[in-house]
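In what follows, a single structure is set out as structure tokens and then discussed.
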Amino acid sequence: MDKLERLLHDKIGFKSFRTGQRDIIQSVLERKDVVAIIPTGGGKTLCYQFPSKLIDGITIIVSPLLSLMEDQVHQLRAYGDKSAVQINSLLSFEERTRVLKELTNQSMLFISPEMLGNEYIKKRLKSLPVGLFVVDEAHCISQWGHEFRTDYLRLKEVRALLGSPPCLALTATATPQVEKDIIMELGMKNPTIHRFSVNRKNIRMNINQAENTKEKEENFFEFLSTVEHPGIIYTATRNDALRLSEKMNVMGFNAAFYHGGMTKEDRILVQYQFLNNEIPFICATNAFGMGVNKQNIRTVIHMHLPSSIEQYVQEIGRAGRDGMESIATLFFSKEDQTLPRRFIEMEYPTDKELQLWLIDGLSFYRKEDSIQANWLKDFFQIDDVRWRMLRYYLEKSGIIHADLLLMNKINSQYVNRLSAFFMNRKNKKELCLDRFVKLVKGNQCIRQGILSYFGESYTFEQEACCSVCGYLEEKWEKKKKPIQRMEYISWQEQLQKMLLPQWTER
DNA sequence: CGCTCGGGCTATAGAGCCCGAGCGGTGCCCTATT
């Protein structure tokens, strides 16, 4: 046991580090900026929990989801670490005030990027010594920051405001391109990169091609009777998640559904039941997964096309965290491409819209110096997500300042530049999708394709790899345990059983 | 882009077809408090 391990034992109670942890922690303790790409289940939490005990000042951990923060804080508490707190919308005003007041006694603060935009909170944090700035699930910066959650792109400013403390970015999946993006958007200087392979040897990958959607679904149900649970089935739409889970129940596979349109309570309930092995299958949109800390997921099925290889790897990575053999299968038919393409399209305003909003719409007010920025949104009824993105870029260019849209700064050249910028972003996303489609349709080894996308080479031997290399070996066939189908009970019958037991007994 | 849904038409009294409109995913935070 060396010095660092002794400290680990004293402070946390662990005897040794897992692969990669030591190097990452060492770099953090040397006060370097660090990017760590470490596979799911690799013990990311320790990489900031342990340093937070050793360095002066508080450690701020930026986290993308409320449930993730809750989970982290609870887990730390469960292991006896009471020095972690969180600030988010789940707290009442009084609670938030109290937490902010007592921050000096804490070593870790979990917070959302949006909350870090709050002036009062920034002011309070600025008055504290900040020892380490951590961004958990840092691929969100690249995946969400530029369009969907632009507060991710403001983290650089926040970090500078806090006196540029050393920064640690953690993620399980980052291509070299995403890694660059993270470094730039966090304003890191000469960061140390710790990159571990994204390969998950215990996950076999399978792609099933069908002629059309109907055939795809038939293939899916045929396949379903051969897989092990627990399993996640990803669908493109909320409606599909619901429909498929109903159909699965009729076929005797007990399944629930999950998507972002459900109430918070329902989502928590379903997730809880799945975590506790009360439901073997869950049909979900991509709302489900991040932060779902379940070790024994055996199967991840895609009934749609994720929009990039990263996204796919993130989602299949939820299988087999216990290291046991698991399977990921993607069912594909050519129609599946249209929806992700549409989603990419929908994120950005068209040239026509930009012209209408920023040139034609404002021509009326040319004599004024400025107008309220939100006038644009309200007048043209721009949807929330696109407005927030547009607003971010208008603020970045100084066209919106202190809630005011400055008339003299806007002209058609600017609008053309903005539109070219959006076009460029859109093209990039389309290329990511194209690359994935090529992988899905092609006859190259899937694992090799994925690894090369992440800048890795595939040099090792894998017993059973993917549907191209032939994972459906006899050995694997023998190992499978077919699942027990449940007797289908309609919700009407279930309700009757609960409310009128005497009826069902009769 | 491609599906689903609803309205309207036809041609006959209930149903079938066509066409256009609308929709499709991810999460923080919320008009403000200290």
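So that the names make sense, note that chain A is the first sequence line, chain B the second, and so on, each numbered from 1. Heavy atoms only: backbone and side chains are in, while hydrogens, waters and symmetry mates are out.
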Exercise for review: Any pair with a residue in residues 288-312 of chain A that passes salt bridge (Lys or Arg N to Asp or Glu O under 4.0 Å), sequence neighbours left out, goes on the list, sorted by first then second residue, please.
Suggested key: A:Arg298-A:Asp322
Check your understanding: Any sub-3.5 Å donor-acceptor pair from A:Gln209's side-chain atoms to A:Val440's backbone N or O?
Key -> yes
Review point. So, is A:Arg267 near the phosphate of B:dG27, with a side-chain N or O under 4.0 Å from OP1 or OP2?
Key: yes
Practice item. Flag as yes if A:Phe148 stacks onto the base of B:dT26 (centroids under 5.5 Å, planes under 30°), otherwise no. Key: yes
Exercise for review: Using the P atom on both, measure B:dC3 against B:dG25 and round to a whole Å.
Suggested key: 16 Å
**Study point:** Identity of whatever pairs with B:dG22 - Watson-Crick or G-U, under 3.5 angstrom
**Key:** B:dC3
Review point. Mind checking whether A:Phe380 and A:Trp375 have parallel, tilted or perpendicular rings, split at 30° and 60°?
Key: perpendicular
Review point. Taking a pair as Watson-Crick or G-U wobble with both distances under 3.5 Å, which nucleotide is matched to B:dT12?
Key: none
Practice item. Pull up the glycosidic torsion of B:dC30 and say syn or anti, syn being anything within 90° of 0. Key: syn
Check your understanding: For B:dC28, does OP1 or OP2 lie under 4.0 Å from any side-chain N or O of A:Ser89?
Key -> no
Exercise for review: Could you tell me the separation between the CG atom of A:Asp240 and the P atom of B:dG2, rounded to a whole number of Å?
Suggested key: 15 Å
Review point. At under 4.0 Å between heavy atoms, what does A:Asp151 touch on the DNA or RNA strands: base, sugar-phosphate, or nothing?
Key: nothing
Review point. Among the nucleotides B:dG2, B:dT26, B:dC29, which one has an atom lying closest to any side-chain atom of A:Asn286?
Key: B:dT26
Practice item. Please state whether the phosphate of B:dT26, meaning OP1 or OP2, lies under 4.0 angstrom from any side-chain nitrogen or oxygen of A:Arg238. Key: yes
Practice item. Please collect all salt bridge (Lys or Arg N to Asp or Glu O under 4.0 Å) contacts where either partner lies in residues 163-182 of chain A, sequence neighbours excluded, each pair once. Key: A:Glu179-A:Arg195
Review point. Who does B:dG27 pair with, Watson-Crick or G-U, both distances under 3.5 Å?
Key: none
Exercise for review: For B:dA32, give its Watson-Crick or G-U wobble partner with both distances under 3.5 Å, or none.
Suggested key: none
Point to revise | Whole-angstrom distance between B:dG16 and B:dT12, as gauged at atom C1' | key: 12 Å
Practice item. Tell me whether the OP1 or OP2 atom of B:dC30 has a side-chain N or O from A:Arg96 closer than 4.0 Å. Key: yes
Review point. What nucleic acid atoms does A:Arg341 come within less than 4.0 Å of, heavy atoms only: base, sugar-phosphate, or nothing?
Key: nothing
Practice item. Would you classify A:Pro340 as touching base, sugar-phosphate or nothing, given that sugar-phosphate means primed atoms plus P, OP1 and OP2, and contacts are heavy atoms under 4.0 Å? Key: nothing
Exercise for review: Would you indicate, yes or no, if B:dC29 has its OP1 or OP2 atom less than 4.0 angstrom from a side-chain nitrogen or oxygen of A:Ser112?
Suggested key: yes
Check your understanding: Is A:Leu100 touching bases, backbone alone, or none of the nucleic acid, heavy atoms closer than 4.0 Å?
Key -> nothing
Review point. At under 4.0 Å between heavy atoms, what does A:Glu94 touch on the DNA or RNA strands: base, sugar-phosphate, or nothing?
Key: nothing
